[in-house]
Every structure is written in structure tokens, then in C-alpha cells.
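Worksheet for the structure shown next.
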Amino acid sequence: MNPTEQAAQSRRELGDFLRTRRAHLLPAKAGVAARRRRRVAGLRREEVAELADISVTWYTWLEQGRPVNVSTGTLERLASVFNLVGREREHLFLLAGHMAPPPVPESAQKIMNLVRQVLESMNPNPAYVLNQRWDILGWNRAAARVFGDFGAISEAERNIVWMTFQRDSFFSRLFVDWDRYAHCVLGNFRVDSTAHVNDPGWSSLKQALLRESPEFAEWWPNHEIAAPEAYRKELLHPVAGLLTFEPLHLDVQHPSQLKIVSYLPCLDTDTAARLQKLDTAAPVRKRTRPTPPEQLCSR
């Protein structure tokens, strides 16, 4: 068997392994609300995708054995969803062509599970959690309905600073006063980046922004510094209309200084009612089909 055939065989086995784990995981154990009619005993594909913070289409490709590149971060989340430990976790990584990294400490995993519970408890108010580099690690249902389907965005681009300065993105177009919001994001990002000047991940993100965003390239040399600014943010949503928020930032010191960002509706507006109505609608998704993972840019 040549290397190409071996890779195809591994992809098929990975798809089979994911399907069997999905079939054996009962919804109650995964924290999924029971429904009256289920044609399968285990989880549906869309339920796994939501729990793992990836798009349904992309997860389906994995189960189908398509030639897609899966990151270790995605594998780690899938292992968490399926409660894989020890040899099972190692087997998942090896089938995907990766060496299994050391398992996440139990205390750190427990904190992340609690953070996800906090996010879900904030519905129908949108909320997400960021790491120090402003990468989005998790979000609730309301965030997907307001800001778009984060799961349809590659992990490399699922970053608040990156999405802010991509002027044609759904996320960026939402902000009524984009200029003020973008200056605030850039100023705070510069403060946070000071402690990571030699970090390759931070450097690659900055270089990509300088290359791809004219506004970022123009403003970054000005060395603008911003303290967290509390002001009303207005979003013009294609379904819900004008939404007015007071963002609230909550620090989670362990692990790795996470930050929960919750958008609270201004009480003197009808934003709360609009969010309730939006909560019953289908999530807003990107207007274009998701890019196949093998074609995604890396930074």
C-alpha cells in the first residue's frame, strides 16, 4: 500500500471511529436535551458539531473520510465531546495524522466545561470566550445568531481582531460605528501583544493583518493604546434590526487568562425583545459555502 492509499485508509478509519463514538454517546451524558423523536440512540452530527464548536459540514466531511486537515485543537475538542481518554484519545489523534499531545490537565478541562455552561446560561444574550490572543474558543447559541456561525470559520481566522479588520466579513459589517470599534479593538490588542512580541503565533497574526487590512496597516504604526472602553455598541443585524449593547468583560484567570465577553441589551431599548425573537430563528450563517479545510490559509 502506497502513502496515498495509506492516508485514504486512515481517513476512512477516522470516519468509522467518529461514527461509532457518536452512536454510543447518549444525549443525556453529553448534556444534550432529550427530544421526543430520535431515529438514532446516540448524538446527531449537528449535535456533535455544536458541542465541538465546528461546522456541521466540516464534521460531516470528517466522518465521510474526505481529505481534510484537522487541527490538534479540533481533535482535542472532539476527544472532550466523546469523553476519550488514554488509548482512545491517542488513537483519534493518530488516525488524523497527529501525535497525541499531553492530555489537558483535569482542572483546566473542568474550568473550560464550566465556562461553556456559563456561556449557555447567558442565552439569549450573545457571549463568547477569548484567549489572550483574542481567538474565539467558545460561544453560545445567541452569539451564533447575532454574530454569525463561528463554527463555519476556520480556526486560523476565528479571531476577533482578524474578523474586525476583514471589512467584507459578516461580523465586521454588523457594527454601525465600525471606525470607533476597530480603533478600540486595535488599541487593546496592542496592549495585550506587548507581552508576546517574540511569540510566533502573535507575530504571524500581526503580519497577516498588516498584509490583508489597509486600515490595520495604516493605524498600527501610530502605536495607539486603549484602555477597555465601556460604551454602547450598535449592531445593525439583517434579521433582528438595530441592536444596542453594553459589553461586559469577565476575566477567568485559570487556565491561561481567558476572557468571557457578554453583550448585554441596553435596558432603554427594545434589544432584549429583539434577541428573544431572534433566539427562535435559525442561526445566521455565512452567505458563502464554507471553505474546504485543505484550502484554508495558515498563519
Side-chain angles (χ1 to χ4, degrees), residues 1-35 37-106 108-113 115-117 120 135-139 144 149-158 289-296 298:
M1 186 180 296
N2 61 45
T4 301
E5 293 172 335
Q6 290 177 344
Q9 177 65 25
S10 293
R11 291 195 301 270
R12 288 192 294 270
E13 291 188 17
L14 174 62
D16 289 341
F17 182 64
L18 291 173
R19 281 193 296 274
T20 58
R21 297 308 92 192
R22 177 166 62 85
H24 286 86
L25 182 59
L26 298 178
K29 283 196 172 184
V32 175
R35 299 177 182 177
R37 292 186 178 181
R38 297 187 69 93
R39 285 186 285 182
V40 294
L43 294 182
R44 298 183 175 93
R45 282 175 174 169
E46 57 267 27
E47 291 168 338
V48 173
E50 183 176 355
L51 290 170
D53 293 339
I54 57 179
S55 73
V56 179
T57 300
W58 199 80
Y59 177 74
T60 301
W61 289 342
L62 282 179
E63 284 202 358
Q64 291 174 343
R66 295 201 189 188
V68 297
N69 295 319
V70 55
S71 70
T72 56
T74 297
L75 291 172
E76 202 68 80
R77 293 198 299 277
L78 286 171
S80 176
V81 170
F82 293 130
N83 300 316
L84 304 181
V85 295
R87 298 300 299 274
E88 282 190 321
R89 177 176 173 274
E90 182 181 2
H91 183 64
L92 171 68
F93 277 81
L94 291 175
L95 287 177
H98 292 282
M99 293 298 294
V104 178
E106 185 177 349
Q109 186 61 57
K110 183 177 180 180
I111 291 294
M112 279 305 302
N113 290 338
V115 167
R116 290 191 173 94
Q117 289 182 40
E120 287 304 315
D135 298 314
I136 303 173
L137 303 183
W139 57 92
D149 184 11
F150 291 139
I153 303 172
S154 73
E155 288 188 44
E157 298 183 349
R158 198 183 302 153
R289 295 180 59 190
T291 307
E294 67 270 22
Q295 298 177 10
L296 294 173
S298 60

Ignoring hydrogens, what is the shortest heavy-atom contact between [X] and [Y]? Give both atom names and the distance.
X	Y	result
Ser71	Glu155	OG-OE2, 2.7 Å
Gly151	Trp139	N-CZ2, 3.4 Å
Arg21	Leu84	CD-CD2, 3.9 Å
Gly42	Pro27	O-CG, 4.1 Å
Ala52	Val81	N-CG2, 3.9 Å
His98	Thr72	ND1-CG2, 3.7 Å

Got a second to check how far [X]'s [atom1] is from [Y]'s [atom2], nearest 0.5 Å?
X	Y	atom1	atom2	result
Trp61	Ile54	CH2	CD1	11.5 Å
Glu46	Leu51	CD	CG	11.0 Å
Arg12	Leu95	CZ	CG	12.0 Å
Ile136	Glu157	CD1	CD	11.5 Å
Thr60	Arg45	OG1	CZ	4.5 Å

Quick one: are [X] and [Y] in side-chain contact, heavy atoms under 4.5 Å?
X	Y	result
Asp53	Leu137	no
Leu62	Leu78	yes
Leu25	Glu47	no
Leu92	Leu14	yes

Is there a donor-acceptor pair under 3.5 Å between the side chain of [X] and the backbone N or O of [Y]?
X	Y	value
Arg19	Glu63	yes
Arg158	Phe150	yes
Ser80	Glu76	no

Check your understanding: Mind checking whether His91 and Phe17 have parallel, tilted or perpendicular rings, split at 30° and 60°?
Key -> perpendicular
Practice item. Identify whether the distance between the nearest side-chain nitrogen and carboxylate oxygen of Arg87 and Glu90 falls below 4.0 Å. Key: yes
